Amino acid sequence: MSEKRAEALLVTPLPPMETGLATYALRVIGNTESFVEWTVAYPSGSDPESLPVNVKSLPIEDMEEGSVPDAKIFQIGNSPHCFPVVQALYKFGGTVLFHEIVLHHMLRHCYLENNRLEDYRRELTFSFGPAAESVEKDLSNKKITVSDFDRKQKRYPLIGRILHSSHSAVCLNSFAASILKKSYTEGRIITIGHPLSKIDELEIPIKPYPLCFGMVGTNHPGRNLDKLIEAIELLRNDIPDSGMVLIGSGYPEGLPEWVTRTGRLSEKEYQGWIRTLDYVFDVRHPTCGETSGSLLEAMRAGISSIVTATGSFNNIPSDAVIRVLPDNIVQGIRSAVLLLEERPDLRKNLSKKAASYAEDTGSDERLVRDWKKVLQLAENPPIENFTAENSISLSPAWHEPPEGFKRDMNTIPVTWKFSGSAKLEGPECSSGALVTVWGEGTVGSIDLGNEPSVICIDGRVLRFSGNGWVSNVFWK
């Protein structure tokens, strides 16, 4: 008799949406169907026909508590395609799979695009408390360049409410996990590998240059294309018959004549163009905490890889890539390439180690091992019936103060302040609450301390007296 499959919900973009999360979802589902009975909730623009046969699916807006599996996993990255996924997380709660840990670009763009300025400001207040107004002001300078604006947003990740709405997290690299580890209790955050595409067939074009430098994946300001072009221009003085190939979408027109842009490609064309490269560069900085799937694809193909010494790139084995300092990208690239051109033995070993590392982290076997751990995390929240609905968990930074309380923006974190007598009433189904509180007075019959502490109270009505501050309420 076959073992019963676990039931789980994956909330995610799907093809043809132009985001790596869509193809990532299909890889995961295709390799885990034997032990997971998936239901997929997808945003508008997704095609559920892209899913394997017999996988259940529904639009995100049709999700209802009780009609979907208890184990809920939300795929989130810094792309507008993920905005509906974030909104669903806020409502239902669950496990977050972080593709990036800077989400400000996506949230700001989508709130403002939908004329929801006040909701954007509430996100800022939730994450930054008393500093929210200055953060908004810092981002309101319309005279700065696109690159500078990108850097500013990366200083303010804007993930506070997402952390608050999730009971556990999955990261694709240990750098991201190290940044988030204090936001979850022990054992509630794990790191997994990054599955890569199956290579069924290749369509390798003729090399456009005798020596091909390249960048792979969608372009964006943080990838420092201008510095890469400057570095290749210097290298062409040393290697005149070299040129650059930009594999993917989003690259501007008007580039030097020794640059080839492929545009968006089919999978077999994408894999083929990667294999025309002699060197690949991924010099993104500052980081969003992301794992570069496009770099891993190039490494798997054995392409000599040069990256910035930043974020998750510092977690790649030192014998598999050459790292350059973020503040010296141009000269760093030139020196690295000339070194490898003079040392074919070093370059060969680098390529071999890169391929070995990428094949391991992107293998189907690793995916299966990792996703059994993800399912275990999602199936076992730290508290029964966890959801992120407003009636269950209350945050003074996000929710309006109940009667008898005032919001205090001068505390860290933001709090509700009470003076005299005040009460909080929970939902009808609640049997008590975990309340984070401090001050001089009592909650129920328990004396408050000078430092914040979590107090467990029975009953659906919490009665406060004296003077104090409440930073969180979680109804049981």
Side-chain angles (χ1 to χ4, degrees), residues 5-17 19 21-26 28-29 32-33 36-99 103 106-107 110-111 113-114 116 119 122-123 126 159 161-170 371 374-375 377-395 398-399 427-429 474-475:
R5 293 186 297 166
E7 293 185 14
L9 175 76
L10 184 62
V11 189
T12 179
L14 295 173
M17 299 186 90
T19 169
L21 279 76
T23 50
Y24 183 99
L26 296 187
V28 169
I29 292 167
T32 56
E33 276 191 288
V36 186
E37 184 179 339
W38 286 109
T39 299
V40 176
Y42 55 86
S44 175
S46 300
D47 179 10
E49 294 296 319
S50 63
L51 291 166
V53 179
N54 298 326
V55 172
K56 293 179 283 189
S57 64
L58 72 162
I60 282 181
E61 57 268 24
D62 291 349
M63 285 175 60
E64 292 181 8
E65 195 67 63
S67 64
V68 293
D70 291 335
K72 301 176 182 66
I73 302 159
F74 297 79
Q75 272 212 113
I76 294 176
N78 199 17
S79 157
H81 304 303
C82 297
F83 187 67
V85 179
V86 171
Q87 302 304 304
L89 170 70
Y90 290 166
K91 183 175 182 182
F92 294 97
T95 299
V96 177
L97 172 53
F98 284 101
H99 283 254
L103 301 172
M106 176 266 291
L107 290 172
C110 292
Y111 278 127
E113 186 85 359
N114 290 284
R116 296 174 60 182
D119 284 336
R122 292 175 75 193
E123 292 272 2
F126 194 106
I159 57 173
R161 196 177 172 206
I162 290 168
L163 299 174
H164 179 76
S165 299
S166 56
H167 60 62
S168 51
V170 180
W371 275 81
V374 174
L375 263 292
L377 193 67
E379 288 173 332
N380 297 290
I383 183 167
E384 270 190 55
N385 301 320
F386 176 91
T387 76
E389 199 63 280
N390 292 353
S391 61
I392 301 297
S393 182
L394 299 177
S395 167
W398 181 257
H399 300 104
E428 293 292 337
C429 62
F474 199 101
W475 296 104

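The structure presented is a predicted model; accordingly, all values stated were derived computationally and were not measured. These values consider heavy atoms only, across backbone and side chains, with no hydrogens, waters or symmetry-generated copies.
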Side chains of [X] and [Y] in contact at under 4.5 Å (non-hydrogen atoms):
{"X": "E33", "Y": "P52", "value": "yes"}
{"X": "P427", "Y": "W475", "value": "yes"}
{"X": "L26", "Y": "S50", "value": "yes"}
{"X": "P59", "Y": "Y42", "value": "yes"}
{"X": "T12", "Y": "V85", "value": "no"}

Compare every heavy atom of [Y] with every heavy atom of [X], then report the nearest pair and how far apart it is.
{"X": "L10", "Y": "A25", "result": "CD2-CB, 4.1 Å"}
{"X": "F98", "Y": "A169", "result": "CE1-CB, 3.8 Å"}
{"X": "L89", "Y": "G94", "result": "CD1-N, 4.0 Å"}
{"X": "P15", "Y": "A22", "result": "N-CB, 3.4 Å"}

- Message: My understanding is that only residues two or more places apart in sequence, or in another chain, count here; which of them pass ring-ring contact (aromatic ring centres under 6.0 Å, His included) with F83?
- Response: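 Residues passing ring-ring contact (aromatic ring centres under 6.0 Å, His included) with F83: Y111.
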Who pairs with [X] by side-chain hydrogen bond (donor to acceptor under 3.5 Å, both in side chains), at least two apart in sequence or on another chain?
{"X": "T32", "value": "W38"}
{"X": "E37", "value": "K56"}
{"X": "D47", "value": "none"}

Test item: [X] side-chain N/O and [Y] main-chain N/O as donor-acceptor pair under 3.5 Å:
{"X": "S67", "Y": "E64", "answer": "yes"}
{"X": "R161", "Y": "F126", "answer": "no"}
{"X": "S46", "Y": "L14", "answer": "yes"}

- Contact list for residues 76-85, test side chain to side chain donor-acceptor pair (under 3.5 Å), sequence neighbours left out: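 Listed once each, the pairs are N78-H105.
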- Query: Do the charged groups of E379 and K72 touch, with an N to O distance under 4.0 Å?
  - Reply: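 Looking at K72 together with E379, the answer is no, because their closest N to O distance does not fall below 4.0 Å.
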- Task: Mind telling me whether W371 and Y24 have parallel, tilted or perpendicular rings, with 30° and 60° as the class edges?
- Result: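 Ring orientation, 0 to 90° scale: tilted.
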Pairwise distance [atom1]([X]) to [atom2]([Y]) - rounded to 0.5 angstrom:
{"X": "S168", "Y": "I73", "atom1": "OG", "atom2": "CD1", "result": "8.5 Å"}
{"X": "L97", "Y": "I76", "atom1": "CG", "atom2": "CD1", "result": "9.0 Å"}
{"X": "H167", "Y": "N380", "atom1": "NE2", "atom2": "CG", "result": "9.0 Å"}

- Message: Is there a side chain to side chain contact (heavy atoms under 4.5 Å, CB included) between C82 and L21? Walk through the geometry before answering.
- Response: CA-CA 9 Å; C82 297; L21 279 76; 3.6 Å; yes
- Query: Can you list the steps and then say if Y90 with I162 is a side chain to side chain contact (heavy atoms under 4.5 Å, CB included)?
  - Reply: CA-CA 7 Å; Y90 290 166; I162 290 168; 3.7 Å; yes
- More than 12 heavy atoms of other groups within 6.0 Å of D119 CG: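 Counting neighbours around CG of D119, more than 12 heavy atoms of other residues, nucleotides or ligands fall under 6.0 Å, so yes.
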- Message: I'd like to know whether CG of N54 has more than 12 heavy-atom contacts from other residues, nucleotides or ligands below 6.0 angstrom.
- Response: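 Result for CG/N54: open.
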- Message: Suppose we screen for side-chain contact (heavy atoms from CB on, under 4.5 Å). Which residues come up paired with A41, at least two apart in sequence or across chains?
- Response: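 A41 satisfies side-chain contact (heavy atoms from CB on, under 4.5 Å) with L9, V11, L58, I60, M63 once adjacent residues are dropped.
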